[in-house]
Amino acid sequence: MDLRIRGRKALLTGASRGLGRACAIALAREGVDITIVARRRDSLERTAAEIAAATGAMVRTVAADITTDAGRSAAIDACPQPDILLNNGDGRLPGDYRDWSRNDWIDALDAMMLSPIEMMRLTVDGMMARRFGRIVNIVSRSVKIPQIELGLSNGARSGLVGFVAGLARQTIEHNVTINNLLPGIFDSDAQREHVRALVEPGGKSFEELWRERAAANPARRFGRPEELGAYCAFLCSEHAGFITGQNLLIDGGSYPGTY
Ligand SMILES: NC(=O)c1ccc[n+]([C@@H]2O[C@H](COP(=O)([O-])OP(=O)(O)OC[C@H]3O[C@@H](n4cnc5c(N)ncnc54)[C@H](OP(=O)(O)O)[C@@H]3O)[C@@H](O)[C@H]2O)c1
């Protein structure tokens, strides 16, 4: 299927590794000009070179922390009129809510709620004026399946999807859609860090926990980042103009509900 987005411009945050990188590759394959943002320059430049070599796409890089005003300004300066915005960044490691301070909560809100909202604020009016926009937020299944140890994520990300639910209904008449992708378990650096944090002294090893997590999924495996990248590219396509405000699980069927 031709996604009919050749020549569009995409700004993707958190796109040097894992799920964000997979979205960048999928869009680049469709002929989209891409600007990718991440903090560490080495992996960012490596990814940009790989994507350009594999797809022939124009790839710009911005080494910046998207949770800061300066980082967001640098991202917008590099891609001032994006047609497509991917909001992605770090989650927070599992823990016990009794240990989280107010600062931990503010930090989580900054990363998982307020930064993506600010990126939308900076881009959505231009998209509406140009009558095309596709915004995808990489969120987490944790907004539908509360994972006790991921309270910071359950809380902060729910704030984001709550905000998007309202905004998405205001932008759609201008052909600007906003959707949230809710990944289950995917094989990525962040997933490895997450599992490492679950290893307890004297308890199960990393390898045991890793195998158990895969086996517990109905698909008996982790998701592949390229599967999420392809989903994202479709949501960013011309064809997806009637899909908005949705919280879309991509989890191998692990969410246990019928609806
Ligand atoms: N993988 C899963 O199974 C899974 C499941 C549910 C939810 N999620 C969520 O999905 C998101 C992506 O996960 P992933 O597995 O792809 O993670 P990952 O492999 O660790 O990749 C994260 C990407 O975001 C960049 N990044 C992180 N913080 C940033 C910041 N403040 N500013 C700019 N760039 C930043 C990282 O580069 P730098 O470190 O160089 O900045 C990297 O490119 C996370 O929020 C994660 O919690 C993942």
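For the single chain, residues carry numbers from 1 onward in sequence order. In listed order, ligands and their atoms are each counted from 1.
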Provide the number and element of each atom of ligand 1 under 4.0 Å from a heavy atom of A64.
32 (N), 33 (C)
Please classify the S142 to ligand 1 contact at 4.0 Å (heavy-atom distances, strictly less than): side chain, backbone, both or neither.
neither
Identity and separation of the nearest protein heavy atom to atom 21 (O) of ligand 1
R17 O, 3.8 Å
So does R98 pair up with D96, basic N to acidic O under 4.0 Å?
yes
Just go through R21, R157, Q147 and tell me whose heavy atom is the nearest to atom 46 (C) of ligand 1.
R157
As an exercise, state the distance from CG of L182 to OH of Y255, rounded to the nearest 0.5 Å.
10.5 Å
Where is the nearest protein heavy atom to atom 29 (C) of ligand 1: which residue, which atom, and how far?
R39 NE, 3.5 Å
Starting at CZ of R157, measure out to CG of N180 and round the result to the nearest 0.5 Å.
10.5 Å
So, regarding G20 and ligand 1 (criterion: nitrogen or oxygen to nitrogen or oxygen, under 3.5 Å), is there a contact or not?
no
How long is the span from the CG atom in D125 to the CZ atom in R130, to the nearest 0.5 Å?
10.0 Å
Test of understanding: given a 4.0 Å heavy-atom threshold, classify the contact between D189 and ligand 1 as side chain, backbone, both, or neither.
both
Among all protein heavy atoms, pick out the one at the shortest distance from atom 24 (O) of ligand 1; state its residue, atom name and that distance to 0.1 Å.
G14 CA, 3.1 Å
Under a plain distance cut-off of 3.5 Å, with no hydrogens placed, do E208 and S205 share a side-chain donor-acceptor pair?
yes
D187: heavy atom below 4.0 Å from ligand 1, yes or no?
no
Ligand 1 and G89, any nitrogen or oxygen pair closer than 3.5 angstrom?
yes
Hey, are R72 and S115 close enough side-chain-wise for a donor-acceptor pair under 3.5 Å?
yes
For the pair W100 and W105, name the ring-plane relationship: parallel under 30°, tilted 30 to 60°, perpendicular over 60°.
perpendicular
Can you name the atoms of ligand 1, numbered from 1 with element, that are less than 4.0 Å from a heavy atom of G18?
16 (O), 19 (O)
R134 NZ/CZ over F132 ring centroid, <6.0 Å and within 45° of normal:
yes
Please write down residue, atom name and distance for the protein heavy atom closest to atom 12 (C) of ligand 1.
N88 OD1, 3.2 Å
Before signing off on this row, confirm whether A38 and ligand 1 have an N or O atom pair separated by under 3.5 Å.
no
Are any side-chain N or O atoms of R92 and backbone N or O atoms of S153, one a donor and one an acceptor, separated by less than 3.5 Å?
no
Do any N/O atoms on S140 end up under 3.5 angstrom from N/O atoms on ligand 1?
no
For F186, the ligand 1 atoms whose distance to one of its heavy atoms is below 4.0 Å:
1 (N), 2 (C), 3 (O)
Quick one: does S43 get an N or O within less than 3.5 Å of an N or O on ligand 1?
no
Ligand 1-proximal atoms of L44, by part, heavy-atom distance under 4.0 Å:
neither
May I ask you to decide whether E212 forms a salt bridge with K204, counting only side-chain N to carboxylate O separations under 4.0 Å?
yes
So if I count the atoms of ligand 1 from 1 in the order they appear, which ones are less than 4.0 Å from some heavy atom of G91?
44 (C), 45 (O), 47 (O)
Atom 15 (O) of ligand 1: nearest protein contact (heavy atom, Å):
S188 OG, 2.4 Å
D104 and S101: side-chain donor and acceptor closer than 3.5 Å?
yes
Please give me the minimum heavy-atom distance between G184 and R141, naming the atom from each residue.
CA-CD, 3.7 Å
Check for a donor-acceptor pair, side chain of D83 on one end and backbone N or O of K9 on the other, with a separation under 3.5 Å.
yes
Heavy-atom distance to atom 7 (C) of ligand 1: which of L181, I36, V139, I138 wins?
V139
Can you list the ligand 1 atoms lying under 4.0 Å from a non-hydrogen atom of I185?
3 (O)
among protein heavy atoms, the one nearest atom 6 (C) of ligand 1 is P183 O, 3.4 Å
Please check: side-chain N/O of T47 versus main-chain N/O of L44, any donor-acceptor pairing under 3.5 Å?
no
Counting non-hydrogen protein atoms only, what is the nearest one to atom 16 (O) of ligand 1? Give residue, atom name and distance.
L19 N, 2.7 Å
Among all the protein's non-hydrogen atoms, which is closest to atom 40 (O) of ligand 1, and how far away is it?
R40 N, 2.9 Å
Ligand 1 to I66 polar contact by distance, N or O atoms, under 3.5 Å:
yes
Hey, does D65 sit under 4.0 Å from ligand 1 if you only count heavy atoms?
yes
For the pair R196 and E193, find out whether any cationic side-chain nitrogen is under 4.0 Å from an anionic carboxylate oxygen.
no
Numbered atoms of ligand 1 (with element) below 4.0 Å of T67, judged on heavy atoms:
31 (N)
The one among A15, A190, G184 that brings a heavy atom closest to atom 17 (O) of ligand 1:
A190
Between R213 and ligand 1, which residue portion shows a heavy-atom distance shorter than 4.0 Å: side chain, backbone, both, or neither?
neither
Please say whether S16 places an N or O atom under 3.5 Å from an N or O atom belonging to ligand 1.
yes
Quick note on ligand 1: atoms under 4.0 Å from a heavy atom of Q191 include exactly 2 (C), 3 (O)
Any Lys/Arg nitrogen of R60 or E45 sitting under 4.0 Å from an Asp/Glu carboxylate oxygen of the other?
no
Is any NZ, NE, NH1 or NH2 atom of the basic residue among E50 and R21 found under 4.0 Å from an Asp or Glu carboxylate oxygen of the other?
yes
Contact between ligand 1 and A111 is defined here as a heavy atom of the residue under 4.0 Å from a ligand atom; is it met?
no
Using a strict threshold of under 4.0 Å (side-chain N to carboxylate O), is an ion pair present between D65 and R39?
no
